Each structure stands twice: as structure tokens, then as C-alpha cells.
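To keep things clear, I will list the structure first and then write my remarks on it.
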Amino acid sequence: MVCGGNDLLLPVFSPGVVAREMDLLFGRLAAPGTTLVAFALANVAAAVPELRGGALEEGVALLNGIVRKAAERHGAALVEMYDHPAVGDRDLCSADLVHVTARGHAVIAATTIRALSREIAAVSESCPQA
């Protein structure tokens, strides 16, 4: 689940509405035998100095808090991109600062694999050995 980012671009961002909608989405998708994966968005302002301390950086931080809470409530694996070590690299984002480049996709994919491997390890540890 990568969601909520476009809501930040609306004239009025309603965290309460986004949180309720996210809970509905997560609730419908999280079921026994499934692995729900949620993404905390990258802090684009780390790579674009003009955006630091502005509304977009604050909005992404707020949205990510909503995502983190929803992921915890619904048992989703969380891919944490907000403070990823490469987040300050401008070449992760395309010119529109909304979409990622091929390198950005590669970084997200590698981070997703690490998050899923932690989930697998946690499940393996909780299962009794035969």
C-alpha cells in the first residue's frame, strides 16, 4: 500500500479523513494468510533544499505517522522510506518530485525486500520447530 501522497497535493488535506480511509483499505486487505506491505513516503525535502521546513515536508511527516499507525493496527509490514540513507539523493525523484526514477524504484525494492525478510524472520521465530 502506497497511498495518501496525492491527498497532500489537494488544497485541503484532512488527516482524519485519510486515516479513516486508510483503515478501511488496510482492513479490507489484511486477512489471515496475507502479507500487507505499507510504505512510509520518502522525505523529498531532504533532496530539495527549497522544500525544507515547508508544508510538503510537514505533510509527508504527518501522512507517514498515519501510515505507521495503520500498519501497526493491521499487522502490515512497514517499508520505511522517510529517513532512508539515500533519501537526500536528488536522482531518486523525477522532475515532478512525485514519482521516482529507475534508481528510486531500485532503492525502494531493496528496502522492501529487507522489510519482508524481517517479517519472514519474525514469523519463523514464532513458529515451533518440528
Side-chain angles (χ1 to χ4, degrees):
M1 297 286 303
V2 180
C3 55
N6 289 341
D7 293 293
L8 293 174
L9 304 176
L10 295 173
V12 178
F13 173 67
S14 174
V17 170
V18 171
R20 283 190 298 278
E21 289 177 352
M22 203 167 293
D23 265 333
L24 285 171
L25 286 169
F26 281 39
R28 299 268 171 119
L29 295 172
T34 64
T35 301
L36 181 60
V37 181
F39 292 79
L41 301 179
N43 179 13
V44 177
V48 183
E50 302 83 45
L51 297 175
R52 290 185 190 147
L56 181 62
E57 185 173 30
E58 292 172 13
V60 170
L62 177 61
L63 174 63
N64 284 341
I66 295 168
V67 170
R68 290 179 190 109
K69 288 176 185 173
E72 186 176 338
R73 278 192 300 275
H74 296 281
L78 181 66
V79 179
E80 183 61 66
M81 294 305 302
Y82 186 79
D83 56 359
H84 187 280
V87 78
D89 297 349
R90 177 62 184 86
D91 66 344
L92 292 184
C93 293
S94 64
D96 67 7
L97 300 177
V98 174
H99 300 94
V100 295
T101 60
R103 179 169 179 254
H105 280 288
V107 169
I108 293 167
T111 308
T112 302
I113 291 168
R114 283 192 290 279
L116 288 173
S117 69
R118 286 190 297 273
E119 288 293 311
I120 292 168
V123 168
S124 295
E125 289 175 8
S126 67
C127 293
Q129 300 297 319

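When reading the values below, keep in mind they use all heavy atoms of this one structure, side chains included, and skip hydrogens, waters and symmetry mates. Predicted model, so just to flag it, every value in this text is computed and none were measured. The first residue of the sequence shown is numbered 1, and numbering continues consecutively from there.
With hydrogens and angles ignored, the 3.5 Å screen pairs a side-chain donor or acceptor of R90 with a backbone N or O of C93. Between the side chain of D89 and the main chain of D91, no donor-acceptor pair closer than 3.5 Å is present. No donor-acceptor pair closer than 3.5 Å links the side chain of H74 to the backbone N or O of A76. Checking side-chain atoms of T101 against main-chain N and O of L92 turns up a donor-acceptor pair under 3.5 Å. Formation of a donor-acceptor pair under 3.5 Å by the T34 side chain with backbone atoms of A30 is not found in this model. Checked by atom type and distance alone, the side chain of N43 never pairs as donor or acceptor with a backbone atom of D83 at under 3.5 Å. Looking at E72, its side chain never comes within 3.5 Å of a backbone N or O of R68 through a donor-acceptor pair.
In the hydrophobic cluster analysis, where Ile, Leu, Val, Met, Phe, Trp and Tyr join through side-chain heavy atoms closer than 4.5 angstrom, L36 is grouped apart from L24. Linking Ile, Leu, Val, Met, Phe, Trp and Tyr residues whenever their side-chain heavy atoms come within less than 4.5 Å leaves L41 and V98 in two separate clusters. Linking ILVMFWY residues whenever their side-chain heavy atoms come closer than 4.5 Å, directly or via other members, places V37 and V2 in the same cluster. Linking ILVMFWY residues whenever their side-chain heavy atoms come closer than 4.5 Å, directly or via other members, places L29 and V67 in the same cluster. Grouping the Ile, Leu, Val, Met, Phe, Trp and Tyr side chains by contacts below 4.5 angstrom, directly or via other members, places F39 apart from V87.
Within the 4.5 Å cutoff, the side chain of V100 has heavy atoms near those of the H105 side chain. Looking only at side-chain heavy atoms (C-beta outward), L63 and M22 come within less than 4.5 Å of each other.
The heavy-atom pair separating A115 from V79 by the smallest distance is CB-CG2, 3.9 Å. Smallest separation of non-hydrogen atoms from E80 and H84: O-CB, 4.4 Å. In this structure, A86 and V107 approach most closely via the heavy-atom pair CB-CG1, 4.5 Å. The shortest heavy-atom contact between F26 and A71 is CE2-N, 3.6 Å.
Considering R28, R73, K69 as possible partners of D23, the one that fulfils the side chain to side chain donor-acceptor pair (under 3.5 Å) test is R73.
Rounding to the nearest 0.5 Å gives a distance of 11.5 Å between CD of E58 and CG of L8. The OG atom of S14 sits 6.0 Å away from the CZ atom of R20 when rounded to the nearest 0.5 Å.
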